[in-house]
Amino acid sequence: MASPDTVLALDIGGTKMLAALVRGNAVLDTHKMPTPRQGEPSQWLAALFAAIASWQGRYATIGAAVTGIVDDGHWSALNRNTLDIPEQFPLEEVIRRLSGVPVLAANDAQAAAWGEHRFGAGQNEDMVFLTISTGIGGGIVINGKPMLGLAGHFGQFRVADNVAGTLEDQVSGHWIASQAAGYHPGATARDVFEAAAAGNEWAGNIVKTSARQTAQLCRNIHLALDPPRIVIGGGIGLAPTYLDTVRQALKGLPPRLTPRIHAAALGESAGVVGIADLAKNQHRGELK
Ligand code: BMX
């Protein structure tokens with residue numbers, strides 16, 4: 001019999017899909033697989049549920065944290081390069097049909113923000129979360145409540161009127177890999193960080209350029225929302241030297257204008273732990 005406190009939490013990002021059985025801040029079991037770049041979400045979800053079929057009966061609720069915007073249970077992409085999702089995909093309905101249990105879906109970074117707020121580096125205080133990953137995601141907790149819908153989509157910011165593309169197109173994992181193509185064809189963002197750690201100047205410059213852009217974003221978030229802290233996670237955000245480079249770019253600012261940067265404490269579990277708590281609270285009518 002499923003424990004009412006055990007939630008099946010899904011985190012579907014541009015690079016990987018993570019399924020986890022979660023109770024409070026404890027991750028009891030996980031299954032990870034690459035996010036398919038072909039097909040469509042119904043097929044991705046069917047494959048994921050087939051892979052965790054043995055978990056049936058162990059969870060009473062499902063939370064789905066997904067890259068893209070979620071409005072009223074429907075999933076759309078803002079950046080099709082991060083993940084190409086059909087417009088207004090009925091995410092909650094499809095998952096409910098696959099599982100037979102109540103479902104809550106929200107954006108992956110908003111879920112991770114809630115996870116870090118409740119169980120991680122956020123210390124149950126108001127905060128802003130940034131994930132520097134395939135794209136740049138963000139989540140905001142204000143007056144103890146999670147902002148959902150479009151809120152936190154810092155990666156979609158425009159850099160300047162005469163600069164094409166969005167902020168994430170010049171900072172995130174996709175951009176880092178694209179900048180390396182001339183030096184190391186086919187390089188991934190991970191290859192670039194390894195090359196930077198090995199002392200390759202071209203790689204170090206790419207990482208530094210990305211981190212400096214992230215530092216500017218943090219300065220603007222600080223001025224806009226004045227959060228007690230900005231918690232940064234994601235595969236890029238937590239890569240070696242990245243946050244040190246962000247902090248280096250903020251040196252010399254007046255203390256009151258300097259954002260307080262903290263590394264995410266829950267790593268890749270932030271999204272599943274956060275969406276599990278939101279789903280459990282919503283199911284109990286307590287969504288804060
Ligand atoms: C994009 C956007 C956000 C997401 C962010 C990080 C899409 C598909 N995604 O800005 O919703 O939070 O990327 O996504 O438009 P991740 O996959 O890198 O975690």
Side-chain angles (χ1 to χ4, degrees), residues 65 67 69 78-79 82 106-161 163 165-173 175-176 206-267 270-271 274 288:
T67 186
I69 181 171
L78 290 170
N79 181 346
T82 302
N107 166 264
D108 57 352
Q110 293 166 352
W114 187 253
E116 290 289 340
H117 164 74
R118 290 275 286 114
F119 304 108
Q123 311 279 321
N124 270 299
E125 288 186 351
D126 287 353
M127 56 171 272
V128 171
F129 176 77
L130 281 182
T131 173
I132 316 295
S133 34
T134 313
I136 294 180
I140 303 166
V141 179
I142 283 189
N143 299 329
K145 295 184 188 302
M147 292 188 73
L148 303 177
L150 190 57
H153 272 89
F154 302 112
Q156 303 310 307
F157 278 11
R158 300 289 155 170
V159 175
D161 182 45
V163 175
T166 62
L167 178 60
E168 70 182 5
D169 292 341
Q170 296 151 71
V171 172
S172 71
W175 177 82
I176 289 173
I206 293 172
V207 171
K208 195 175 294 178
T209 302
S210 170
R212 293 178 65 82
Q213 290 272 66
T214 297
Q216 298 311 320
L217 172 60
C218 290
R219 287 182 66 175
N220 291 333
I221 288 170
H222 192 58
L223 289 165
L225 298 167
D226 194 14
R229 57 177 62 82
I230 298 177
V231 173
I232 299 182
I236 304 299
L238 293 174
T241 75
Y242 195 81
L243 287 193
D244 290 341
T245 311
V246 171
R247 290 191 179 99
Q248 188 62 33
L250 296 169
K251 277 205 184 325
L253 281 176
R256 183 66 183 89
L257 301 184
T258 303
R260 292 169 284 273
I261 310 290
H262 294 255
L266 303 179
K288 288 175 76 174

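Throughout, residue positions are numbered sequentially from 1 according to the sequence presented.
Between Thr214 and Tyr242 the shortest side-chain heavy-atom distance falls below 4.5 Å. With contacts defined as side-chain heavy-atom distances shorter than 4.5 Å, the pair Leu148/Asn107 does not qualify. The side-chain heavy atoms of Arg158 and Leu167, taken from C-beta on, include no pair separated by under 4.5 Å. Counting only heavy atoms from C-beta outward, the side chains of Glu168 and His153 never approach each other to under 4.5 Å. The closest side-chain heavy-atom distance from Cys218 to Ile261 is below 4.5 Å. Put simply, the side chain of Asn79 reaches to within 4.5 Å of the side chain of Gln156, judged on heavy atoms. Taking 4.5 Å as the limit, every side-chain heavy atom of Asn220 sits out of range of all side-chain heavy atoms of Phe154.
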*Can you list the steps and then say if Ile236 with Val171 is a side-chain contact (heavy atoms from CB on, under 4.5 Å)?*
CA-CA 10 Å; Ile236 304 299; Val171 172; over 6 Å; no
_Intermediate values then yes/no, side-chain contact (heavy atoms from CB on, under 4.5 Å), Trp175 and Ile206_ = CA-CA 9 Å; Trp175 177 82; Ile206 293 172; 4.0 Å; yes
*asked:* Using side-chain contact (heavy atoms from CB on, under 4.5 Å), reason through Ile140 and Ile221 one step at a time and then give a plain yes or no.
replied: CA-CA 10 Å; Ile140 303 166; Ile221 288 170; over 6 Å; no
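Across all non-hydrogen atoms, the minimal contact from Thr131 to Gly234 is OG1-CA, 3.3 Å. Closest approach of Leu243 and Gly237 over heavy atoms only: CG-O, 3.4 Å. Here the closest non-hydrogen pair linking Gln170 and Val163 is OE1-CG1, 3.5 Å. Minimum heavy-atom separation, Gly233 to Ala264: CA-CB, 3.7 Å.
When atom types are taken as modelled, the side chain of Arg260 and the backbone of Pro227 share a donor-acceptor pair closer than 3.5 angstrom. Judged by distance alone, with hydrogens and angles left aside, the side-chain atoms of Gln110 form a donor-acceptor pair with the main-chain N or O of Ala151 at under 3.5 Å. A distance-only check finds a donor-acceptor pair linking the side chain of Arg229 to the backbone of Gly122 [under 3.5 Å]. With hydrogens and angles ignored, the 3.5 Å screen pairs a side-chain donor or acceptor of Ser172 with a backbone N or O of Thr134. Under the 3.5 Å distance criterion, the side-chain polar atoms of Glu116 are matched with a main-chain donor or acceptor of Ala265.
Residues Asp244 and Thr241 have side chains that never bring a donor and an acceptor to within less than 3.5 angstrom of each other.
Environment of CZ in Arg247: crowded, with over 12 heavy atoms of neighbouring residues, nucleotides or ligands closer than 6.0 Å.
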